[in-house]
Amino acid sequence: MRPLTEEETRVMFEKMAKYIGENLQLLVDRPNGTYCFRLHNDRVYYVSEKILKLAANISGDKLVSLGTCFGKFTKTHKFRLHITALDYLAPYAKYKSTQDCRKVDPMAIVVFHQADVGEYVRHEETLT
Amino acid sequence: MEGHSVEELLAKAEKDEAEKLQRITVHKELELEFDLGNLLASDRNPPTGLRRAGPAPEAELRALARDNTQLLINQLWQLPTERVEEALVARLPEPTTRLPREKPVPRPRPLTRWQQFARLKGIRPKKKTNLVWDEVPGGADPMEDQFAKRIQAKKERVAKNELNRLRNLARAHKTQLPSTAGLHPTGHQSKEELGRAMQIAKVSTASLGRFQERLPKEKAPRGSGKKRKFQPLFGDFSAEKKNQLELLRVMNSKKPKLDVTKATNKQMREEDQEEAAKKRKMSQKGKRKGGRQGSGGQRKGGPRSHGGKRKGGSGSKMNSGPPGLGGKRRGGGGGGQRPGGKRRK
(Lines give C-alpha, C1' and ligand atoms only; values in the text may rest on other atoms or scores of the structure.)
Protein backbone atom coordinates (compact mmCIF):
# COMPACT_ATOMS: atom_id res chain seq x y z
CA MET A 1 0.00 0.00 0.00
CA ARG A 2 1.37 3.40 -0.86
CA PRO A 3 0.25 6.89 -1.80
CA LEU A 4 -0.08 7.76 -5.46
CA THR A 5 2.79 9.37 -7.35
CA GLU A 6 2.38 12.73 -9.13
CA GLU A 7 1.90 11.06 -12.46
CA GLU A 8 -0.67 8.58 -11.21
CA THR A 9 -2.60 11.32 -9.38
CA ARG A 10 -2.68 13.39 -12.53
CA VAL A 11 -3.98 10.54 -14.67
CA MET A 12 -6.66 9.69 -12.12
CA PHE A 13 -7.79 13.30 -11.67
CA GLU A 14 -8.06 13.79 -15.40
CA LYS A 15 -10.35 10.80 -15.64
CA MET A 16 -12.52 11.87 -12.72
CA ALA A 17 -12.68 15.45 -13.89
CA LYS A 18 -14.48 14.26 -17.00
CA TYR A 19 -17.38 13.22 -14.77
CA ILE A 20 -17.38 15.73 -11.94
CA GLY A 21 -15.25 18.57 -13.26
CA GLU A 22 -14.22 21.18 -10.75
CA ASN A 23 -16.13 19.51 -7.91
CA LEU A 24 -13.15 17.17 -7.69
CA GLN A 25 -11.61 19.49 -5.13
CA LEU A 26 -14.55 18.78 -2.84
CA LEU A 27 -13.52 15.13 -2.90
CA VAL A 28 -9.93 15.97 -2.14
CA ASP A 29 -10.67 18.53 0.54
CA ARG A 30 -13.63 17.22 2.49
CA PRO A 31 -15.17 19.37 5.24
CA ASN A 32 -16.13 16.42 7.46
CA GLY A 33 -12.85 14.52 7.65
CA THR A 34 -9.52 13.89 5.90
CA TYR A 35 -9.86 11.37 3.13
CA CYS A 36 -7.03 10.26 0.94
CA PHE A 37 -6.25 8.03 -2.01
CA ARG A 38 -4.03 5.03 -1.56
CA LEU A 39 -2.76 2.51 -4.06
CA HIS A 40 -2.80 -1.20 -3.24
CA ASN A 41 -2.18 -3.89 -5.87
CA ASP A 42 -2.83 -1.39 -8.68
CA ARG A 43 -6.18 -0.40 -7.23
CA VAL A 44 -6.96 3.07 -5.96
CA TYR A 45 -8.87 3.25 -2.68
CA TYR A 46 -10.55 6.33 -1.24
CA VAL A 47 -10.21 5.96 2.47
CA SER A 48 -10.60 8.11 5.55
CA GLU A 49 -7.62 8.75 7.75
CA LYS A 50 -9.04 6.66 10.62
CA ILE A 51 -9.56 3.59 8.48
CA LEU A 52 -6.17 4.06 6.86
CA LYS A 53 -4.42 3.93 10.21
CA LEU A 54 -6.23 0.70 11.06
CA ALA A 55 -5.48 -0.84 7.69
CA ALA A 56 -1.80 -0.10 8.06
CA ASN A 57 -1.64 -2.82 10.68
CA ILE A 58 -2.51 -5.52 8.17
CA SER A 59 0.32 -6.92 6.11
CA GLY A 60 0.25 -6.17 2.41
CA ASP A 61 -0.32 -9.67 1.13
CA LYS A 62 -3.20 -10.28 3.52
CA LEU A 63 -4.92 -6.95 2.86
CA VAL A 64 -7.75 -7.31 0.36
CA SER A 65 -9.43 -3.95 0.33
CA LEU A 66 -9.83 -0.76 2.31
CA GLY A 67 -12.28 2.10 2.17
CA THR A 68 -13.91 2.45 -1.24
CA CYS A 69 -12.29 1.25 -4.43
CA PHE A 70 -12.49 4.04 -7.01
CA GLY A 71 -10.81 2.18 -9.80
CA LYS A 72 -7.63 0.56 -10.90
CA PHE A 73 -4.55 1.24 -12.99
CA THR A 74 -4.13 -1.10 -15.91
CA LYS A 75 -0.83 -2.70 -16.92
CA THR A 76 -0.22 0.23 -19.28
CA HIS A 77 -0.94 2.73 -16.49
CA LYS A 78 -4.28 3.91 -17.73
CA PHE A 79 -6.89 4.56 -15.07
CA ARG A 80 -10.18 2.68 -15.22
CA LEU A 81 -12.95 4.06 -13.03
CA HIS A 82 -15.15 1.45 -11.35
CA ILE A 83 -18.83 1.51 -10.51
CA THR A 84 -17.98 1.32 -6.83
CA ALA A 85 -17.03 4.99 -7.08
CA LEU A 86 -20.56 5.97 -8.05
CA ASP A 87 -21.69 6.79 -4.53
CA TYR A 88 -19.02 9.41 -4.19
CA LEU A 89 -19.19 10.82 -7.70
CA ALA A 90 -22.96 11.04 -8.08
CA PRO A 91 -23.54 14.09 -5.84
CA TYR A 92 -21.01 16.09 -7.83
CA ALA A 93 -21.90 14.94 -11.31
CA LYS A 94 -21.70 17.61 -14.00
CA TYR A 95 -24.38 16.21 -16.26
CA LYS A 96 -27.99 15.49 -15.24
CA SER A 97 -29.46 12.02 -14.84
CA THR A 98 -32.72 10.76 -16.40
CA GLN A 99 -34.87 11.73 -13.42
CA ASP A 100 -33.67 15.36 -13.36
CA CYS A 101 -34.25 15.65 -17.09
CA ARG A 102 -37.80 16.64 -16.54
CA LYS A 103 -36.98 19.58 -14.31
CA VAL A 104 -33.97 21.01 -16.09
CA ASP A 105 -33.62 24.05 -18.37
CA PRO A 106 -33.50 23.39 -22.10
CA MET A 107 -29.77 24.10 -22.51
CA ALA A 108 -28.47 21.65 -19.88
CA ILE A 109 -26.45 18.62 -20.95
CA VAL A 110 -28.02 15.26 -20.21
CA VAL A 111 -26.31 11.89 -20.27
CA PHE A 112 -28.60 9.08 -21.24
CA HIS A 113 -27.14 5.67 -20.39
CA GLN A 114 -29.54 2.83 -20.99
CA ALA A 115 -28.41 0.53 -18.20
CA ASP A 116 -25.33 -0.84 -16.59
CA VAL A 117 -26.67 -2.54 -13.53
CA GLY A 118 -24.94 -5.53 -15.03
CA GLU A 119 -21.51 -4.24 -14.13
CA TYR A 120 -21.97 -5.30 -10.52
CA VAL A 121 -22.84 -8.80 -11.67
CA ARG A 122 -20.33 -9.04 -14.51
CA HIS A 123 -17.32 -8.04 -12.45
CA GLU A 124 -18.50 -9.52 -9.18
CA GLU A 125 -15.28 -11.52 -8.82
CA THR A 126 -12.96 -8.63 -9.35
CA LEU A 127 -14.73 -5.72 -7.69
CA THR A 128 -13.45 -5.04 -4.17
CA MET B 1 65.92 63.41 -65.34
CA GLU B 2 67.56 60.51 -63.56
CA GLY B 3 69.41 62.81 -61.24
CA HIS B 4 66.17 64.43 -60.29
CA SER B 5 64.56 61.10 -59.54
CA VAL B 6 67.57 59.91 -57.49
CA GLU B 7 67.56 63.13 -55.50
CA GLU B 8 63.90 62.82 -55.05
CA LEU B 9 64.28 59.27 -53.83
CA LEU B 10 67.00 60.25 -51.35
CA ALA B 11 64.97 63.14 -50.05
CA LYS B 12 61.96 60.90 -49.67
CA ALA B 13 64.05 58.27 -47.80
CA GLU B 14 65.39 60.93 -45.45
CA LYS B 15 61.94 62.25 -44.81
CA ASP B 16 60.68 58.76 -44.02
CA GLU B 17 63.53 58.20 -41.58
CA ALA B 18 62.78 61.44 -39.81
CA GLU B 19 59.12 60.54 -39.60
CA LYS B 20 59.90 57.15 -38.20
CA LEU B 21 62.14 58.59 -35.53
CA GLN B 22 59.47 61.06 -34.74
CA ARG B 23 57.01 58.28 -34.35
CA ILE B 24 59.22 56.23 -32.09
CA THR B 25 59.88 58.97 -29.62
CA VAL B 26 56.82 60.15 -27.81
CA HIS B 27 56.75 63.23 -25.64
CA LYS B 28 54.70 63.08 -22.46
CA GLU B 29 54.51 65.63 -19.66
CA LEU B 30 54.32 62.93 -17.01
CA GLU B 31 56.24 59.72 -17.46
CA LEU B 32 54.15 56.54 -17.66
CA GLU B 33 54.26 53.91 -14.94
CA PHE B 34 55.20 50.50 -16.24
CA ASP B 35 54.49 47.06 -14.81
CA LEU B 36 56.23 44.97 -17.44
CA GLY B 37 55.47 41.72 -15.64
CA ASN B 38 51.80 42.31 -16.47
CA LEU B 39 52.54 44.20 -19.72
CA LEU B 40 50.85 47.16 -18.11
CA ALA B 41 51.44 50.89 -18.72
CA SER B 42 49.55 53.49 -16.69
CA ASP B 43 49.23 57.01 -18.09
CA ARG B 44 48.53 59.70 -15.52
CA ASN B 45 48.61 62.65 -17.89
CA PRO B 46 45.48 64.81 -17.81
CA PRO B 47 43.37 64.09 -20.93
CA THR B 48 43.16 67.67 -22.19
CA GLY B 49 43.41 66.59 -25.81
CA LEU B 50 40.42 64.29 -25.42
CA ARG B 51 38.33 66.91 -23.68
CA ARG B 52 39.01 69.38 -26.49
CA ALA B 53 37.97 66.88 -29.11
CA GLY B 54 34.26 66.96 -28.29
CA PRO B 55 31.59 64.29 -28.83
CA ALA B 56 33.50 62.03 -31.29
CA PRO B 57 37.09 61.78 -30.12
CA GLU B 58 37.91 58.74 -32.27
CA ALA B 59 41.05 60.12 -33.87
CA GLU B 60 42.40 61.52 -30.59
CA LEU B 61 41.77 58.24 -28.79
CA ARG B 62 43.51 56.32 -31.51
CA ALA B 63 46.50 58.64 -31.37
CA LEU B 64 46.69 58.36 -27.59
CA ALA B 65 46.56 54.58 -27.77
CA ARG B 66 49.29 54.52 -30.40
CA ASP B 67 51.56 56.76 -28.35
CA ASN B 68 51.17 54.80 -25.15
CA THR B 69 51.66 51.48 -26.89
CA GLN B 70 54.81 52.85 -28.50
CA LEU B 71 56.18 53.77 -25.09
CA LEU B 72 55.35 50.32 -23.72
CA ILE B 73 57.07 48.61 -26.64
CA ASN B 74 60.11 50.85 -26.16
CA GLN B 75 60.33 49.65 -22.59
CA LEU B 76 59.95 46.02 -23.65
CA TRP B 77 62.80 46.36 -26.12
CA GLN B 78 65.07 47.35 -23.23
CA LEU B 79 64.52 44.08 -21.40
CA PRO B 80 67.16 41.29 -21.49
CA THR B 81 66.40 38.95 -24.38
CA GLU B 82 67.12 35.32 -25.03
CA ARG B 83 66.67 32.89 -27.85
CA VAL B 84 64.07 30.10 -27.42
CA GLU B 85 63.65 27.72 -30.36
CA GLU B 86 64.55 30.21 -33.09
CA ALA B 87 62.44 33.01 -31.59
CA LEU B 88 63.80 36.11 -29.89
CA VAL B 89 62.10 36.43 -26.54
CA ALA B 90 62.24 39.08 -23.82
CA ARG B 91 62.41 37.92 -20.23
CA LEU B 92 59.70 39.81 -18.26
CA PRO B 93 60.36 40.85 -14.67
CA GLU B 94 58.10 39.90 -11.79
CA PRO B 95 54.70 41.68 -11.86
CA THR B 96 54.42 44.48 -9.34
CA THR B 97 50.64 45.09 -9.41
CA ARG B 98 48.66 42.98 -6.98
CA LEU B 99 45.58 41.52 -8.76
CA PRO B 100 42.38 40.69 -6.84
CA ARG B 101 41.31 37.09 -6.16
CA GLU B 102 40.08 35.11 -9.09
CA LYS B 103 37.89 32.72 -7.11
CA PRO B 104 36.03 33.30 -3.83
CA VAL B 105 37.68 32.55 -0.50
CA PRO B 106 37.54 28.82 0.28
CA ARG B 107 35.16 28.01 3.10
CA PRO B 108 36.60 26.24 6.15
CA ARG B 109 36.46 22.48 5.93
CA PRO B 110 35.10 20.34 8.78
CA LEU B 111 37.84 18.87 10.98
CA THR B 112 38.92 15.31 10.35
CA ARG B 113 38.52 12.67 13.02
CA TRP B 114 42.18 12.89 14.05
CA GLN B 115 42.09 16.68 14.20
CA GLN B 116 39.03 16.58 16.45
CA PHE B 117 40.71 14.07 18.73
CA ALA B 118 43.98 15.99 18.84
CA ARG B 119 42.15 19.20 19.62
CA LEU B 120 40.24 17.46 22.38
CA LYS B 121 43.34 15.95 23.93
CA GLY B 122 45.51 18.97 23.29
CA ILE B 123 48.02 17.05 21.17
CA ARG B 124 50.44 19.22 19.20
CA PRO B 125 52.19 18.00 16.05
CA LYS B 126 55.58 16.55 17.06
CA LYS B 127 58.34 16.17 14.52
CA LYS B 128 60.13 12.88 14.66
CA THR B 129 62.87 11.61 12.42
CA ASN B 130 62.66 8.46 10.32
CA LEU B 131 66.22 7.44 10.93
CA VAL B 132 66.74 4.47 13.23
CA TRP B 133 69.91 2.66 14.03
CA ASP B 134 68.96 -0.79 12.81
CA GLU B 135 65.44 -1.89 12.09
CA VAL B 136 66.29 -5.54 12.36
CA PRO B 137 65.12 -6.64 15.81
CA GLY B 138 67.52 -8.75 17.86
CA GLY B 139 66.00 -12.19 17.58
CA ALA B 140 64.83 -11.94 14.00
CA ASP B 141 64.77 -14.85 11.60
CA PRO B 142 67.86 -14.47 9.30
CA MET B 143 65.87 -15.86 6.40
CA GLU B 144 63.21 -13.14 6.67
CA ASP B 145 63.45 -10.37 4.05
CA GLN B 146 63.46 -7.11 6.04
CA PHE B 147 63.33 -4.90 2.98
CA ALA B 148 60.23 -6.63 1.68
CA LYS B 149 58.72 -6.35 5.13
CA ARG B 150 59.38 -2.60 5.19
CA ILE B 151 57.82 -2.10 1.76
CA GLN B 152 54.78 -4.13 2.74
CA ALA B 153 54.30 -2.12 5.94
CA LYS B 154 54.52 1.11 3.99
CA LYS B 155 51.91 -0.09 1.49
CA GLU B 156 49.57 -0.94 4.31
CA ARG B 157 50.06 2.46 5.92
CA VAL B 158 49.44 4.23 2.63
CA ALA B 159 46.25 2.24 2.03
CA LYS B 160 45.02 2.97 5.54
CA ASN B 161 45.68 6.67 5.09
CA GLU B 162 43.84 6.71 1.80
CA LEU B 163 40.84 5.01 3.37
CA ASN B 164 40.79 7.53 6.19
CA ARG B 165 41.07 10.39 3.74
CA LEU B 166 38.04 9.13 1.80
CA ARG B 167 36.14 8.60 5.01
CA ASN B 168 36.87 12.16 6.11
CA LEU B 169 35.78 13.45 2.73
CA ALA B 170 32.54 11.49 2.91
CA ARG B 171 31.90 12.84 6.38
CA ALA B 172 32.60 16.39 5.22
CA HIS B 173 30.13 16.08 2.37
CA LYS B 174 27.69 14.14 4.54
CA THR B 175 27.54 11.18 2.16
CA GLN B 176 28.29 7.55 2.78
CA LEU B 177 31.15 5.47 1.48
CA PRO B 178 29.92 2.54 -0.61
CA SER B 179 29.74 -0.51 1.64
CA THR B 180 32.43 -3.12 1.11
CA ALA B 181 30.99 -5.92 3.20
CA GLY B 182 31.89 -9.22 1.64
CA LEU B 183 34.47 -7.85 -0.77
CA HIS B 184 37.45 -8.87 1.35
CA PRO B 185 38.07 -12.53 0.62
CA THR B 186 38.35 -14.24 3.98
CA GLY B 187 37.22 -17.73 3.08
CA HIS B 188 34.32 -17.48 5.55
CA GLN B 189 31.84 -15.52 3.48
CA SER B 190 28.14 -16.24 3.25
CA LYS B 191 26.40 -17.11 0.02
CA GLU B 192 24.81 -13.68 -0.23
CA GLU B 193 28.13 -11.92 0.33
CA LEU B 194 29.76 -13.98 -2.39
CA GLY B 195 26.86 -13.28 -4.72
CA ARG B 196 27.20 -9.55 -4.07
CA ALA B 197 30.94 -9.67 -4.57
CA MET B 198 30.45 -11.46 -7.87
CA GLN B 199 27.86 -8.87 -8.96
CA ILE B 200 30.16 -5.99 -8.13
CA ALA B 201 33.04 -7.61 -9.94
CA LYS B 202 30.87 -8.13 -12.99
CA VAL B 203 29.81 -4.49 -13.08
CA SER B 204 33.34 -3.17 -12.50
CA THR B 205 34.32 -3.12 -16.15
CA ALA B 206 34.62 -0.17 -18.51
CA SER B 207 31.22 -0.98 -20.04
CA LEU B 208 29.63 -1.47 -16.61
CA GLY B 209 29.18 -5.18 -17.17
CA ARG B 210 27.17 -5.00 -20.38
CA PHE B 211 29.32 -7.41 -22.35
CA GLN B 212 30.24 -9.89 -19.63
CA GLU B 213 29.24 -13.44 -20.45
CA ARG B 214 27.33 -15.52 -17.98
CA LEU B 215 27.98 -19.14 -17.13
CA PRO B 216 25.82 -21.65 -19.09
CA LYS B 217 23.21 -22.16 -16.40
CA GLU B 218 23.52 -18.82 -14.65
CA LYS B 219 20.30 -16.82 -14.46
CA ALA B 220 20.07 -13.10 -15.02
CA PRO B 221 20.03 -11.17 -11.75
CA ARG B 222 16.60 -9.80 -11.01
CA GLY B 223 15.99 -6.57 -9.13
CA SER B 224 19.16 -4.89 -10.25
CA GLY B 225 17.28 -1.88 -11.56
CA LYS B 226 16.92 1.43 -9.78
CA LYS B 227 14.66 1.23 -6.75
CA ARG B 228 11.79 3.75 -6.86
CA LYS B 229 11.12 5.89 -3.86
CA PHE B 230 7.55 6.59 -2.78
CA GLN B 231 6.05 8.99 -0.31
CA PRO B 232 5.56 7.49 3.17
CA LEU B 233 2.17 5.96 3.89
CA PHE B 234 1.12 8.46 6.57
CA GLY B 235 3.00 11.44 5.33
CA ASP B 236 1.75 14.86 6.10
CA PHE B 237 -1.95 14.72 5.21
CA SER B 238 -2.32 18.46 4.84
CA ALA B 239 0.73 18.65 2.57
CA GLU B 240 -0.66 15.85 0.42
CA LYS B 241 -3.99 17.68 0.20
CA LYS B 242 -2.24 20.90 -0.73
CA ASN B 243 -0.28 19.22 -3.51
CA GLN B 244 -3.39 17.62 -4.94
CA LEU B 245 -5.33 20.89 -4.87
CA GLU B 246 -2.42 22.63 -6.59
CA LEU B 247 -2.40 19.91 -9.26
CA LEU B 248 -6.13 20.38 -9.77
CA ARG B 249 -5.74 24.12 -10.08
CA VAL B 250 -3.05 23.73 -12.71
CA MET B 251 -5.16 21.21 -14.60
CA ASN B 252 -8.22 23.44 -14.60
CA SER B 253 -6.34 26.54 -15.65
CA LYS B 254 -4.71 24.76 -18.59
CA LYS B 255 -7.89 23.23 -20.02
CA PRO B 256 -9.33 25.68 -22.59
CA LYS B 257 -6.02 26.72 -24.17
CA LEU B 258 -5.09 23.24 -25.32
CA ASP B 259 -8.49 22.67 -26.84
CA VAL B 260 -8.21 25.66 -29.14
CA THR B 261 -4.70 24.89 -30.35
CA LYS B 262 -5.54 21.27 -30.98
CA ALA B 263 -8.69 22.16 -32.87
CA THR B 264 -6.86 24.69 -35.05
CA ASN B 265 -4.04 22.34 -35.90
CA LYS B 266 -6.43 19.53 -36.67
CA GLN B 267 -8.44 21.75 -38.96
CA MET B 268 -5.42 23.11 -40.78
CA ARG B 269 -4.08 19.62 -41.32
CA GLU B 270 -7.41 18.49 -42.79
CA GLU B 271 -7.47 21.49 -45.11
CA ASP B 272 -3.95 20.70 -46.25
CA GLN B 273 -4.90 17.15 -47.02
CA GLU B 274 -7.98 18.27 -48.94
CA GLU B 275 -5.98 20.73 -51.01
CA ALA B 276 -3.31 18.18 -51.78
CA ALA B 277 -5.86 15.58 -52.82
CA LYS B 278 -7.71 18.03 -55.08
CA LYS B 279 -4.47 19.20 -56.66
CA ARG B 280 -3.45 15.69 -57.46
CA LYS B 281 -6.84 14.99 -58.98
CA MET B 282 -6.70 18.11 -61.16
CA SER B 283 -3.19 17.44 -62.43
CA GLN B 284 -4.11 13.84 -63.18
CA LYS B 285 -7.13 14.87 -65.24
CA GLY B 286 -4.89 17.08 -67.33
CA LYS B 287 -6.92 20.28 -67.01
CA ARG B 288 -4.37 23.02 -66.36
CA LYS B 289 -5.28 26.66 -65.73
CA GLY B 290 -9.02 26.56 -65.81
CA GLY B 291 -9.30 23.59 -63.52
CA ARG B 292 -7.04 25.05 -60.91
CA GLN B 293 -8.83 28.39 -60.92
CA GLY B 294 -12.11 26.60 -60.40
CA SER B 295 -10.75 24.51 -57.58
CA GLY B 296 -9.27 27.63 -56.02
CA GLY B 297 -12.70 29.24 -56.01
CA GLN B 298 -14.26 26.15 -54.55
CA ARG B 299 -11.70 25.91 -51.81
CA LYS B 300 -12.46 29.43 -50.64
CA GLY B 301 -15.98 28.42 -49.79
CA GLY B 302 -15.37 24.99 -48.36
CA PRO B 303 -13.05 25.27 -45.36
CA ARG B 304 -14.83 28.34 -44.05
CA SER B 305 -17.99 26.31 -43.58
CA HIS B 306 -15.94 23.69 -41.78
CA GLY B 307 -14.69 26.36 -39.46
CA GLY B 308 -18.23 27.38 -38.65
CA LYS B 309 -19.35 23.86 -37.84
CA ARG B 310 -16.69 23.18 -35.23
CA LYS B 311 -17.30 24.32 -31.67
CA GLY B 312 -15.20 27.40 -31.13
CA GLY B 313 -13.37 26.60 -34.34
CA SER B 314 -14.31 29.80 -36.10
CA GLY B 315 -13.07 31.80 -33.16
CA SER B 316 -9.82 29.94 -33.21
CA LYS B 317 -9.43 30.33 -36.98
CA MET B 318 -9.45 34.08 -36.52
CA ASN B 319 -6.82 33.84 -33.84
CA SER B 320 -4.44 31.86 -35.99
CA GLY B 321 -3.64 34.77 -38.28
CA PRO B 322 -5.07 37.90 -39.91
CA PRO B 323 -7.78 37.02 -42.44
CA GLY B 324 -5.99 38.91 -45.20
CA LEU B 325 -3.00 36.62 -44.87
CA GLY B 326 -5.24 33.58 -45.07
CA GLY B 327 -6.87 34.94 -48.19
CA LYS B 328 -3.52 35.60 -49.86
CA ARG B 329 -2.53 32.01 -49.16
CA ARG B 330 -5.67 30.70 -50.85
CA GLY B 331 -5.15 32.89 -53.91
CA GLY B 332 -1.52 31.83 -54.16
CA GLY B 333 -2.56 28.19 -53.92
CA GLY B 334 -5.06 28.59 -56.76
CA GLY B 335 -3.08 30.64 -59.25
CA GLY B 336 0.52 29.55 -59.53
CA GLN B 337 2.04 26.18 -60.25
CA ARG B 338 4.39 25.30 -57.52
CA PRO B 339 5.75 22.22 -55.73
CA GLY B 340 3.76 20.79 -52.90
CA GLY B 341 5.57 21.37 -49.67
CA LYS B 342 6.00 25.14 -49.65
CA ARG B 343 2.88 26.33 -47.87
CA ARG B 344 2.48 26.49 -44.09
CA LYS B 345 4.64 28.90 -42.18
Side-chain angles (χ1 to χ4, degrees), chain A residues 1-42 44-60 63 66-67 70 73 77 79 92 94 107 109, chain B residues 176 191-192 195 219-267 269-270 305-319:
Chain A
M1 184 170 32
R2 61 170 174 86
L4 295 160
T5 62
E6 278 271 345
E7 194 53 39
E8 289 164 348
T9 331
R10 199 182 51 79
V11 169
M12 190 183 70
F13 280 179
E14 273 176 13
K15 191 59 176 274
M16 296 211 290
K18 289 189 187 149
Y19 294 91
I20 58 180
E22 298 190 347
N23 297 328
L24 191 44
Q25 47 194 349
L26 291 167
L27 263 187
V28 172
D29 193 3
R30 248 196 147 79
N32 59 343
T34 18
Y35 277 69
C36 54
F37 293 99
R38 287 290 180 267
L39 193 80
H40 180 61
N41 290 345
D42 290 331
V44 177
Y45 297 97
Y46 186 59
V47 59
S48 70
E49 186 187 338
K50 270 195 283 102
I51 309 283
L52 179 62
K53 292 208 167 139
L54 294 173
N57 297 321
I58 306 172
S59 69
L63 180 68
L66 63 156
F70 261 36
F73 279 99
H77 307 294
F79 184 64
Y92 306 120
K94 274 203 292 188
M107 296 307 282
I109 298 173
Chain B
Q176 272 185 325
K191 185 175 164 196
E192 289 86 25
K219 282 179 255 178
R222 52 172 300 276
S224 56
K226 210 164 33 159
K227 192 172 162 78
R228 287 208 302 180
K229 253 201 159 163
F230 298 118
Q231 297 292 336
L233 186 54
F234 300 129
D236 193 359
F237 282 118
S238 56
E240 193 183 331
K241 203 181 287 187
K242 200 157 64 80
N243 285 337
Q244 287 179 342
L245 287 173
E246 182 65 28
L247 179 64
L248 279 175
R249 193 184 63 82
V250 169
M251 267 171 52
N252 286 333
S253 68
K254 265 197 180 177
K255 266 191 191 141
K257 232 187 185 180
L258 271 177
D259 270 346
V260 167
T261 344
K262 263 193 183 170
T264 336
N265 288 337
K266 205 170 173 186
Q267 192 168 335
R269 213 180 319 130
E270 284 184 15
S305 71
H306 276 171
K309 252 193 249 169
R310 256 179 247 289
K311 178 175 157 187
S314 56
S316 62
K317 263 259 99 203
M318 283 199 275
N319 289 339

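Below, chains carry the letters A, B, ... as their sequence lines are ordered, and counting in each starts from 1.
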field: Minimal non-hydrogen separation, B/Arg228 against A/Arg2, with atom names
entry: NH2-NH2, 3.7 Å
- prompt: How would you list all residue pairs meeting salt bridge (charged side-chain N to carboxylate O under 4.0 Å, His left out) that involve residues 30-42 of chain A, not counting sequence neighbours?
  reply: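 For residues 30-42 of chain A, and leaving out neighbouring residues, the salt bridge (charged side-chain N to carboxylate O under 4.0 Å, His left out) pairs sorted by first residue read A/Arg38-B/Glu240.
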task: Could you tell me which portion of B/Leu233 (side chain, backbone, both or neither) has an atom closer than 4.5 angstrom to a non-hydrogen atom of chain A?
output: both
task: Select, from A/Leu24, A/Asp29, A/Thr34, the one with the greatest count of heavy-atom pairs under 4.5 Å involving chain B.
output: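 The candidate making the most pairs under 4.5 Å is A/Asp29.
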- line: Sorted by chain and number, sequence neighbours left out, side chain to side chain donor-acceptor pair (under 3.5 Å) with B/Glu246 holds for B/Arg249
message: For residues 15-24 of chain A, which residue pairs pass the side-chain hydrogen bond (donor to acceptor under 3.5 Å, both in side chains) check, not counting sequence neighbours?
response: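 Sorted pair list comes back empty.
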message: Does any backbone or side-chain atom of A/Phe37 lie under 4.5 Å from a heavy atom of chain B? Answer side chain, backbone, both or neither.
response: both
- prompt: Are there residues of residues 3-12 of chain A that reach to under 4.5 Å of chain B by heavy atoms, and which ones?
  reply: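 Hits under 4.5 Å: A/Pro3, A/Thr5, A/Glu6, A/Thr9, A/Arg10.
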